[in-house]
Student: 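I am attaching a structure below and will ask some questions about it afterwards.
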Amino acid sequence: MQNNNETTNALFIHLSSFLGYLFPFAGVIIPLILWQTQKDNSDFIDKHGKAAVNFNITFSLAEVALIFAIILSVLGHIFSSSSLPFVFIIATFFVLELTRCILIIRASLKAQKGELYSYPFTINFIK
């Protein structure tokens with residue numbers, strides 16, 4: 001069973017991902033820093049930190065791909081009259097962001113309860 005300090009630190013590692021909405025790349029960098037500074041203190045924090053960092057890297061790559069697709073779609077719209085791909089890509093981007101928020105909140109709640117959480121749709125860059 002994890003102590004209160006471990007669950008709180010794991011909770012903050014997950015919640016720090018939301019800083020990416022305020023500062024570019026903070027959604028990856030801040031959880032990475034928090035995990036790196038605390039991973040040796042607890043196996044629980046280490047597992048949650050790895051999960052959070054892997055998740056944020058995966059979703060950041062998906063965001064970059066969608067932003068690139070949006071740019072291409074806008075350029076295509078300038079040279080043609082079709083806006084369907086643009087609307088679809090924007091909707092996909094919003095669904096991705098909503099999914100990201102929900103998964104971060106779920107992981108945070110699991111960490112607070114002292115349970116492990118495995119993010120779906122995640123590439124394990126850090127093992």
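Throughout, residue positions are numbered sequentially from 1 according to the sequence presented. Here the structure is a predicted model, which is why all the values come from computation and not from measurement.
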Student: Report the distance from atom CD1 of Ile29 to atom OG of Ser16, rounding to the nearest 0.5 Å.
Tutor: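 Spacing of CD1 (Ile29) from OG (Ser16) equals 11.5 Å.
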
Student: Measure the CZ-OG distance between Phe55 and Ser60 for me, rounded to the nearest 0.5 Å.
Tutor: 9.0 Å

Student: Does one hydrophobic cluster hold both Leu98 and Ile90, with members joined at side-chain heavy-atom distances below 4.5 Å?
Tutor: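 Cluster IDs for Leu98 and Ile90 differ.
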
Student: I'd like a table of donor-acceptor pairs (distance under 3.5 Å, sequence neighbours excluded) in which one partner is a side-chain atom from residues 103-110, with atom names and distances.
Tutor:
residue, atom, partner, partner atom, Å
Ser108, OG, Ile104, O, 2.8
Lys110, NZ, Glu115, OE1, 3.1

Student: Which pairs, with at least one residue in residues 92-112 and sequence neighbours excluded, count as a ring pair (Phe, Tyr, Trp, His ring centres under 6.0 Å)?
Tutor: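 Every pair satisfying ring pair (Phe, Tyr, Trp, His ring centres under 6.0 Å) with a residue in residues 92-112: there are none.
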
Student: For Gly49 versus Trp35, what's the shortest heavy-atom pair and its separation?
Tutor: CA-CD1, 3.3 Å

Student: Please assess Ser42 against Lys47 for the test side chain to side chain contact (heavy atoms under 4.5 Å, CB included), listing each intermediate value before the final yes or no.
Tutor: CA-CA 9 Å; Ser42 162; Lys47 288 179 181 177; over 6 Å; no

Student: Output side-chain donor-acceptor pairs under 3.5 Å for residues 61-71, partner residues at least two apart or in another chain, one line each.
Tutor:
none

Student: Side chains of Phe59 and Glu97: closer than 4.5 Å at any heavy-atom pair?
Tutor: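 No. Closest side-chain heavy atoms not under 4.5 Å.
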
Student: With a 4.5 Å limit on heavy-atom distance, are the side chains of Asn5 and Asn9 in contact?
Tutor: yes

Student: State the CG-NE2 distance between Asp43 and His48, to the nearest 0.5 angstrom.
Tutor: 10.0 Å

Student: What verdict does the side chain to side chain contact (heavy atoms under 4.5 Å, CB included) test give for Gln38 and Ile45, after you've listed the backbone C-alpha separation in whole Å, the side-chain angles of each residue and the deciding distance to 0.1 Å?
Tutor: CA-CA 7 Å; Gln38 300 174 25; Ile45 293 173; 3.8 Å; yes

Student: Could you state whether Leu34 and Leu19 fall into the same hydrophobic cluster, counting links through intermediate Ile, Leu, Val, Met, Phe, Trp or Tyr residues with side-chain heavy atoms under 4.5 angstrom apart?
Tutor: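 In one cluster: yes.
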
Student: Could you measure the distance from the CG atom of Asn41 to the NZ atom of Lys39? Nearest 0.5 Å is fine.
Tutor: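 Going from CG on Asn41 over to NZ on Lys39, the span is 11.5 Å.
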
Student: Any chain of hydrophobic side-chain contacts (each under 4.5 Å) joining Val28 to Ile13?
Tutor: yes

Student: Quick one: do Phe44 and Leu116 satisfy side chain to side chain contact (heavy atoms under 4.5 Å, CB included)? Show the steps, please.
Tutor: CA-CA 8 Å; Phe44 181 75; Leu116 292 177; 3.8 Å; yes

Student: Looking at every heavy atom in both His14 and Ala52, which two are closest together, and how far apart are they?
Tutor: ND1-CB, 3.7 Å

Student: Output the distance between atom CD1 (Ile57) and atom CG (Leu32), rounded to the nearest 0.5 Å.
Tutor: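 Output value for this atom pair is 7.0 Å.
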
Student: Which pair of heavy atoms, one from Gln112 and one from Leu11, lies closest together, and at what distance?
Tutor: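 For Gln112 and Leu11, the tightest heavy-atom pair comes out as CB-CD1, 4.4 Å.
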
Student: Please tell me if the side chains of Tyr119 and Thr58 come closer than 4.5 Å, counting only heavy atoms from C-beta onward.
Tutor: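 The answer is no, as the side chains (C-beta and beyond) never meet within the 4.5 Å cut-off.
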
Student: Indicate, with yes or no, if Val53 and Phe125 share a hydrophobic cluster defined by side-chain heavy-atom contacts under 4.5 Å among Ile, Leu, Val, Met, Phe, Trp and Tyr.
Tutor: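 Yes, Phe125 and Val53 fall within the same hydrophobic cluster.
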
Student: Just verifying a value: how many Å separate Asn54 CG and Asn124 CG, rounded to the nearest 0.5 Å?
Tutor: 5.0 Å

Student: When you group the ILVMFWY residues by side-chain heavy-atom contacts below 4.5 Å and let the links chain together, are Leu96 and Phe121 in the same group?
Tutor: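 Yes, because Phe121 and Leu96 connect within a single hydrophobic cluster, where side-chain heavy atoms sit under 4.5 Å apart.
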
